[in-house]
Amino acid sequence: MYTMRPAEFDYHAPTSLEEALTLLAEDEGSRPLAGGQSLIPLLKLRLALPSALVDLRRIPGLDEISANGGLTLGARATHRSVAESDAVRSGWPALAELAAQLGDPQVRNCGTIGGSISHADPAADYPTMLKALGATVTAKGPDGERTLAADDFFQGVFATALETGELVTSVTVPALAAGTGAAYVKHRHPASFYAVAAVAAVVSVEDGACTDARVTVGGVTAPPAHAEAAAEALRGSSGSEEEIAAAVAQVPEALTGARGDTYASGEYRTHLAKVLAGRAIAAAFERAAA
Ligand code: FAD
């Protein structure tokens, strides 16, 4: 039976990363708390029963966003701060647009990029875009710091490469080279705004021809899938309607095991992925030419 009252837990509010890591190491049943937008509902439904919560909100510097060549997003950067950051909007506009479309204002005000990627909901927005952009995730734990490619970090439904006691500290996104455009397009669930299906496309264009491309589909499989054949079909193309349609036809190849639920079947999600891929690729070509 569902209850709206969490089971009892201890609460810690450390003021440094080291203190947070020590608290997590001392108690294997403890969990970090960031914006609480995913964890608090789990506590209320008693789907998560941590012995203690280690609140990351008082740790200074963990919410910083900085651009110095690449973009570094502190784990506690909220979706709203990503959406409104001048650095993100000018250098990585597709990422700012993604954050602006995520959830509702409360979710964007409280929810964080570190919480979102650690939770790894198969319908979440960031994992798809971060994989397409070739981002890396930095995590710190009892054994020190390590940096993982987004491709290795996301492992499945609510599954990441994080180990017990490890905290995501930041996400780094490489700079987009000249002539490169990126776009993210999603079909959002009308109630939650989570991605029913979503596509991130990144294309690099030189002398009118595509030299490199990445087409990554989220919401359909977990983790998000690179549509390699579609990306390969784009290389050498000029981004014409016909060429994009030919690439889009290759998208389903990457989506074996498409997820279905009461809202959308796997077949419908696969159909959506094709439609969204067409839009995302066209938008990425436009941006690359701008
Ligand atoms: P929390 O809920 O605090 O934590 C989530 C999990 O991550 C917990 O297991 C926690 O222990 C762990 N964690 C948190 N921070 C760290 C860290 N630094 N290192 C290691 N582990 C950590 N998401 C989308 O992508 N798209 C949407 O459209 C969308 N719509 C939403 C609509 C609603 C109504 C709600 C409630 C949520 C929605 N979300 C959506 C999810 C939202 O993005 C959450 O913010 C996110 O999933 C969790 O982030 P958080 O900061 O709130 O983390």
Side-chain angles (χ1 to χ4, degrees), residues 6 9 11-14 17 20-21 23-25 27-45 47-59 61-64 73-83 95 97-130 137-142 145-146 148 153-154 157-171 184 186-198 200 218-219 222-224:
F9 53 82
Y11 173 81
H12 305 290
L17 192 57
L21 290 170
L23 286 162
L24 290 166
D27 177 0
E28 280 210 358
S30 61
R31 296 260 295 257
L33 172 70
Q37 296 303 295
S38 296
L39 185 51
I40 299 292
L42 291 178
L43 296 179
K44 287 182 169 177
L45 295 169
L47 292 172
L49 295 164
S51 49
L53 291 185
V54 177
D55 193 338
L56 307 179
R57 277 177 297 184
R58 296 197 191 158
I59 301 175
L62 213 52
D63 57 354
E64 276 173 16
L73 302 162
R76 279 261 324 121
T78 61
H79 310 320
R80 179 179 171 186
S81 64
V82 174
L95 197 56
E97 286 161 12
L98 173 157
Q101 292 172 42
L102 191 158
D104 54 37
Q106 182 190 332
V107 170
R108 292 195 292 274
N109 281 336
C110 298
T112 67
I113 186 164
S116 174
I117 66 168
S118 305
H119 189 57
D121 192 304
D125 291 298
Y126 280 119
T128 311
M129 188 84 246
L130 295 180
V137 177
T138 301
K140 213 165 182 180
E145 188 174 272
R146 59 190 183 128
L148 297 111
F153 182 81
F154 298 108
V157 178
F158 301 117
T160 69
L162 275 182
E163 288 178 7
T164 310
E166 257 188 330
L167 280 174
V168 169
T169 52
S170 64
V171 173
Y184 179 77
K186 79 165 160 175
H187 180 82
R188 56 190 210 172
H189 189 287
S192 68
F193 303 156
Y194 272 107
V196 177

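Small disclaimer: the values here were computed from a predicted structure and weren't measured. Each ligand, and each atom within it, is numbered from 1 in the order the structure gives.
Close contacts of ligand 1 with Gly111, meaning ligand atoms under 4.0 Å from a residue heavy atom, involve 45 (O), 51 (O), 52 (O). In the vicinity of Leu33, heavy-atom distances shorter than 4.0 Å reach the ligand 1 atoms 3 (O). Per-residue contacts place Gly103 under 4.0 angstrom from the following atoms of ligand 1 (heavy atoms of the residue considered): 27 (C), 28 (O), 29 (C), 30 (N), 31 (C). Close approach of ligand 1 to Gly36 is summarised as follows: ligand atoms under 4.0 Å from at least one heavy atom of the residue are 1 (P), 2 (O), 3 (O), 50 (P), 52 (O), 53 (O). Short contacts between ligand 1 and Leu162, defined as distances under 4.0 Å to a heavy atom of the residue, involve ligand atoms 20 (C). If you number the atoms of ligand 1 from 1 as listed, the ones under 4.0 Å from a heavy atom of Ser38 come out as 2 (O), 41 (C), 44 (C), 46 (C), 47 (O), 48 (C), 52 (O). Residue Thr112 has at least one heavy-atom neighbour below 4.0 Å for each of these atoms of ligand 1: 45 (O), 49 (O), 50 (P), 51 (O).
Of the N or O atoms in Gln101, none lie within a sub-3.5 Å distance of an N or O in ligand 1. Geometrically, ligand 1 and Ala34 share a nitrogen or oxygen pair separated by less than 3.5 Å.
The protein heavy-atom contact nearest to atom 36 (C) of ligand 1 is Gln37 O, 3.4 Å. Nearest protein heavy-atom neighbour of atom 26 (N) of ligand 1: Asp125 OD2, 2.7 Å. Of the protein's non-hydrogen atoms, the one nearest atom 28 (O) of ligand 1 is Phe193 O, 2.7 Å. The closest protein non-hydrogen atom to atom 11 (O) of ligand 1 is Pro32 O, 2.5 Å. Of the protein's non-hydrogen atoms, Ser192 O, 3.1 Å is the one closest to atom 30 (N) of ligand 1. Of all protein heavy atoms, the one lying nearest to atom 19 (N) of ligand 1 is Val168 N, 2.8 Å. Nearest protein heavy-atom neighbour of atom 4 (O) of ligand 1: Leu39 CB, 3.9 Å. Among protein heavy atoms, the minimum distance from atom 13 (N) of ligand 1 is reached at Ser118 CB, 3.8 Å.
For the atom pair CD1 of Ile40 and SG of Cys110, the computed distance is 10.0 Å after rounding to the nearest 0.5 Å. A distance of 8.0 Å separates OG1 in Thr112 from CG in Leu56, rounded to the nearest 0.5 Å. Interatomic distance, CG of Leu24 versus CG of Leu167, reported as 5.0 Å (0.5 Å rounding). Thr138 OG1 to Leu148 CG: the interatomic distance, rounded to the nearest 0.5 Å, is 8.0 Å. Between the CG atom in Leu102 and the CG atom in Asp125 there is a gap of 4.5 Å [rounded to 0.5 Å]. Distance check, rounded to the nearest 0.5 Å: CG of Leu43 to CG of Leu53 gives 5.5 Å.
With hydrogens and angles disregarded, a donor-acceptor distance shorter than 3.5 Å links the side chain of Ser51 to the backbone of Gly29.
Residue contacts with ligand 1: Asp121 is excluded, as none of its non-hydrogen atoms falls under 4.0 Å. Close to ligand 1: Lys186, with a non-hydrogen atom less than 4.0 angstrom away. Residue contact check for ligand 1: His79 places a non-hydrogen atom closer than 4.0 Å to it.
More than 12 heavy atoms of other residues, nucleotides or ligands lie within 6.0 Å of CD in Glu145, so this atom counts as buried by the packing criterion. Enclosure of atom CZ in Arg108 by more than 12 non-hydrogen atoms of other residues, nucleotides or ligands within 6.0 angstrom is indicated.
When Tyr126, Phe154, Tyr194, Phe158 are each tested for a ring pair (Phe, Tyr, Trp, His ring centres under 6.0 Å) with His119, only one passes: Phe158.
Contact of the Pro127 side chain with the Pro224 side chain is registered, since non-hydrogen atoms from C-beta on lie closer than 4.5 Å. With contacts defined as side-chain heavy-atom distances shorter than 4.5 Å, the pair Val171/Leu130 qualifies.
Salt bridge status for Arg146 with Glu166: present, with a side-chain N to carboxylate O gap under 4.0 Å.
Using a 4.0 Å cut-off between heavy atoms, Leu42 makes no contact with ligand 1 at all.
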